[in-house]
Chemist: 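To start, I am sharing the structure in question, which I have written as structure tokens.
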Amino acid sequence: EEEEEEEEEEEEKSVFRDPAMVPFVVVSLSYLAFTVTDGAVRMIVLLHAYTLGFSAWEVALMFTLYEAAGVVTNLVAGVAGAKWGIRATLVAGLTLQLGGLGM
């Protein structure tokens with residue numbers, strides 16, 4: 001029984017050391033970072049619009065247009081990911097996002 005438990009523990013440990021998991025972890029963490037920065041941009045835009053004196057209606061319209069642009073962007077990114085691969089597309093997207101935040 002002890003040998004079986006040790007073998008099970010070895011198997012559990014080896015899953016986390018599996019080289020095949022590295023791309024999954026890298027892509028997942030990159031997507032998480034992208035999601036956090038995208039949310040930060042939304043809050044910055046909302047707060048900026050508030051300080052400029054926009055009404056709730058104007059802010060709602062602005063975010064509706066923002067989301068519509070996001071739909072188009074996601075479609076283009078999907079095509080780019082299928083054509084050039086997810087890694088290249090993800091790195092390009094993250095670079096554009098960080099460049100935009102740096103402006």
Side-chain angles (χ1 to χ4, degrees):
E1 283 185 34
E2 287 181 29
E3 288 180 21
E4 288 178 18
E5 288 178 15
E6 287 177 16
E7 286 178 18
E8 287 177 16
E9 287 177 15
E10 279 294 318
E11 287 177 18
E12 289 176 13
K13 290 178 186 177
S14 66
V15 170
F16 294 106
R17 294 181 185 165
D18 185 7
M21 291 295 289
V22 173
F24 171 76
V25 171
V26 169
V27 169
S28 296
L29 291 176
S30 297
Y31 189 74
L32 176 65
F34 175 78
T35 303
V36 169
T37 58
D38 186 54
V41 168
R42 291 172 195 233
M43 292 307 298
I44 290 168
V45 169
L46 177 63
L47 291 172
H48 185 63
Y50 175 76
T51 59
L52 293 176
F54 284 95
S55 70
W57 175 253
E58 290 168 326
V59 172
L61 180 61
M62 181 172 39
F63 272 91
T64 300
L65 294 172
Y66 176 82
E67 290 300 324
V71 169
V72 173
T73 301
N74 283 334
L75 288 171
V76 171
V79 171
K83 187 172 183 176
W84 296 303
I86 190 71
R87 178 179 281 166
T89 306
L90 182 61
V91 169
L94 285 169
T95 302
L96 288 171
Q97 186 89 17
L98 292 173
L101 285 171
M103 292 182 149

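All residue numbers in this chain count up from 1 along the given sequence. All values below come from the heavy atoms of this structure, side chains included, with hydrogens, waters and symmetry mates left out.
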Chemist: Name each donor-acceptor pair under 3.5 Å that joins a side chain in residues 35-48 to protein atoms two or more places apart or in another chain, with its distance.
Modeler:
residue	atom	partner	partner atom	Å
T35	OG1	Y31	O	2.8
T37	OG1	A33	O	3.2
T37	OG1	F34	O	2.9
D38	OD1	Y66	OH	3.2
D38	OD2	R42	NE	3.3
D38	OD2	R42	NH2	3.2
R42	NH1	E67	OE2	2.4
R42	NH2	E67	OE2	3.4

Chemist: By the side chain to side chain donor-acceptor pair (under 3.5 Å) test, which pairs, at least two apart or in different chains, include something from residues 79-89?
Modeler: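 Side chain to side chain donor-acceptor pair (under 3.5 Å) check on residues 79-89 returns no pairs.
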Chemist: L32, V27: one ILVMFWY side-chain cluster at the under-4.5 Å cut-off?
Modeler: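 No, L32 and V27 fall in different hydrophobic clusters.
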Chemist: Extract all donor-acceptor atom pairs below 3.5 Å that involve side chains of residues 90-99 and protein atoms in other chains or at least two apart in sequence.
Modeler:
residue	atom	partner	partner atom	Å
T95	OG1	V91	O	2.7

Chemist: Taking C-beta and beyond as the side chain, do L29 and V25 meet within less than 4.5 Å on heavy atoms?
Modeler: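 They are in contact (side-chain heavy atoms under 4.5 Å apart), so the answer is yes.
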